[in-house]
Chemist: 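There's a structure below that I have some questions on.
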Amino acid sequence: MFSEKRPIMSNDSIARIGVFDSGVGGLSVLRAIWQTIPELPVIYLADQAHVPYGPRPLEEVRLFAEAISRYLISQGCKIIVVACNAASAAALHHLRAQFPATPIVGMEPAVKPAAEHTLSGVVGVLATPATFQGELYASVVERFASNVRLIPHTCPGLVQQIEAGELDSPETYRILSEALEPMLLAKIDTIVLGCTHYPFVIPAIQKIAGADVRVIDPAPAVAKQTRRQLLARGLLTGDISSQQFPNPANRTQFITTGEAERFRSALRQLLDVDAVPIQLRWNQNSLD
Ligand code: DGL
């Protein structure tokens with residue numbers, strides 16, 4: 001567990017949404033949650049002490065995800081959004097079994113809408129190794145991709161580039177070109193973003209692939225699913241009152257297990273918000 005245990009937001013009667021990722025990727029989901037669920041405060045936790053998750057064994061990512069979820073629930077979160085494909089692949093079923101009273105919303109690669117949309121019948125999928133190894137990916141491929149050709153790529157190093165704020169550096173273009181060029185030769189017309197970091201490089205992807213290739217970011221669908229779950233559990237009245245929190249950053253507590261100042265710069269760059277994140281330390285001994 002974490003060494004910091006005190007509640008970080010004051011009003012304990014309000015339901016909170018807990019959102020986590022290995023780092024800044026889940027901010028692409030947070031953006032959509034801000035738009036879709038303007039009524040509730042959010043706690044966003046970036047596990048930057050362990051980023052990237054993608055190359056790690058699924059068992060290890062599962063332990064991180066469980067400890068983070070337990071922490072967020074202890075802080076008053078009534079729903080958990082696993083804003084990370086790798087952690088969803090590693091831990092979604094496990095988290096639902098461990099925390100049956102808390103709805104857990106996860107990510108899966110958007111193969112279904114891609115298969116419905118593609119005209120060429122060829123779809124590129126960008127995700128990390130953990131996501132490709134997980135059962136969720138195998139299951140969406142089996143259910144929805146029988147009539148399309150999927151071309152997967154893990155984009156090694158891309159998550160680290162995005163963590164470093166290198167959204168359009170030569171190295172970022174090199175990684176993306178290496179992934180996309182064979183896909184373009186194979187006539188993809190759709191790209192699925194199976195990692196929540198990747199929406200932050202959509203402009204670079206579109207520059208390489210061309211504006212005609214459709215890029216699917218699942219964040220809006222995940223935010224809608226989160227809203228549906230909240231409504232089903234009676235945690236939202238259904239009245240949208242965006243006036244309640246005119247500035248969404250003011251209703252969000254940011255936490256990182258990495259460096260607070262670095263995370264603060266990322267928040268400025270990626271979300272255009274100035275917030276002061278809290279830094280939490282992992283205590284290795286208490287994770288089991
Ligand atoms: N943003 C995450 C995902 O959606 C994790 C990437 C990583 O840490 O490797 O998979």
Side-chain angles (χ1 to χ4, degrees), residues 18-33 44-69 80-92 94-95 104-111 114 124-138 140 152-167 172 175-176 179 191-202 205 215-223 225-226 254-259 262-263 266-267 269-271 282:
V19 182
F20 75 91
D21 178 44
S22 60
V24 301
L27 298 175
S28 65
V29 179
L30 179 66
R31 238 176 1 194
I33 288 175
Y44 181 94
L45 192 149
D47 187 16
Q48 291 178 304
H50 295 131
V51 68
Y53 278 2
R56 293 177 186 271
L58 294 178
E59 299 72 36
E60 188 183 21
V61 176
R62 192 174 303 136
L63 291 177
F64 299 152
E66 180 180 339
I68 292 167
S69 300
I80 302 292
V81 180
V82 185
C84 173
N85 289 264
S88 297
L92 203 52
H94 177 75
L95 295 178
I104 315 268
V105 179
M107 316 280 312
E108 64 181 22
V111 167
V125 185
L126 307 181
T128 67
T131 297
F132 286 127
Q133 281 159 32
E135 283 167 24
L136 275 180
Y137 183 66
V140 290
H153 202 288
T154 58
C155 300
L158 187 57
V159 166
Q160 292 92 320
Q161 289 295 111
I162 296 166
E163 285 288 317
E166 303 280 336
L167 305 185
T172 298
I175 295 168
L176 283 170
I191 296 171
V192 172
L193 300 184
C195 170
T196 54
H197 280 73
Y198 298 170
F200 292 115
V201 290
I202 287 176
I205 292 173
V215 179
I216 302 183
D217 170 7
V222 170
Q225 172 64 5
T226 307
F254 293 98
I255 303 173
T256 179
T257 61
E259 281 176 39
R262 212 189 66 167
F263 189 42
L267 293 172
Q269 182 190 17
L270 301 176
L271 295 184
W282 281 93

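These figures come from a predicted structure and were not determined experimentally. Whatever order the structure lists ligands and atoms in, that order sets their numbers, starting from 1.
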Chemist: Can you say whether the rings of F132 and Y137 are parallel (under 30°), tilted (30 to 60°) or perpendicular (over 60°)?
Modeler: perpendicular

Chemist: Examine the proximity of ligand 1 to P52 and report which part, side chain or backbone, both or neither, has a heavy atom under 4.0 Å away.
Modeler: both

Chemist: If you count the atoms of ligand 1 from 1 in the order shown, which ones are under 4.0 Å from a heavy atom of A86?
Modeler: 3 (C), 10 (O)

Chemist: Under 4.0 Å from a heavy atom of S22: which atoms of ligand 1 are those, numbered in the order shown and with their elements?
Modeler: 5 (C), 6 (C), 7 (C), 8 (O)

Chemist: State the atoms of ligand 1, each with its element, that fall below the 4.0 Å cut-off from a heavy-atom position in G54.
Modeler: 7 (C), 8 (O), 9 (O)

Chemist: Do any nitrogen or oxygen atoms of V51 come within less than 3.5 Å of a nitrogen or oxygen of ligand 1?
Modeler: no

Chemist: Is it true that the side chains of T256 and Q48 contain a donor and an acceptor less than 3.5 Å apart?
Modeler: yes

Chemist: Would you mind telling me if ligand 1 is within reach of the side chain of N85, the backbone, both or neither, using heavy atoms under 4.0 Å?
Modeler: both

Chemist: For C84, take its heavy atoms, then give the atoms of ligand 1 lying under 4.0 Å from any of them.
Modeler: 2 (C), 3 (C), 4 (O), 5 (C), 10 (O)

Chemist: How about F254 and L30: do any of their side-chain heavy atoms sit closer than 4.5 Å?
Modeler: yes

Chemist: Output, in order, the C-alpha distance, side-chain angles, deciding distance and verdict of side chain to side chain contact (heavy atoms under 4.5 Å, CB included) for Y198 and V192.
Modeler: CA-CA 10 Å; Y198 298 170; V192 172; over 6 Å; no

Chemist: Taking the side chain as C-beta and beyond, is there a heavy-atom pair between L126 and I191 under 4.5 Å?
Modeler: yes

Chemist: Which of the numbered atoms in ligand 1 are under 4.0 angstrom from any heavy atom belonging to D21?
Modeler: 1 (N), 2 (C), 5 (C)

Chemist: Which atom names give the shortest non-hydrogen contact between C195 and T128, and what distance separates them?
Modeler: SG-CG2, 4.1 Å

Chemist: Looking only at protein heavy atoms, which one is nearest to atom 7 (C) of ligand 1, and how far off is it?
Modeler: Y53 N, 3.3 Å

Chemist: So which bit of T128 gets within less than 4.0 Å of ligand 1, heavy atoms only: side chain, backbone, both or neither?
Modeler: side chain

Chemist: Between E163 and H197, do the side chains contain an N or O donor and an N or O acceptor separated by less than 3.5 Å?
Modeler: yes

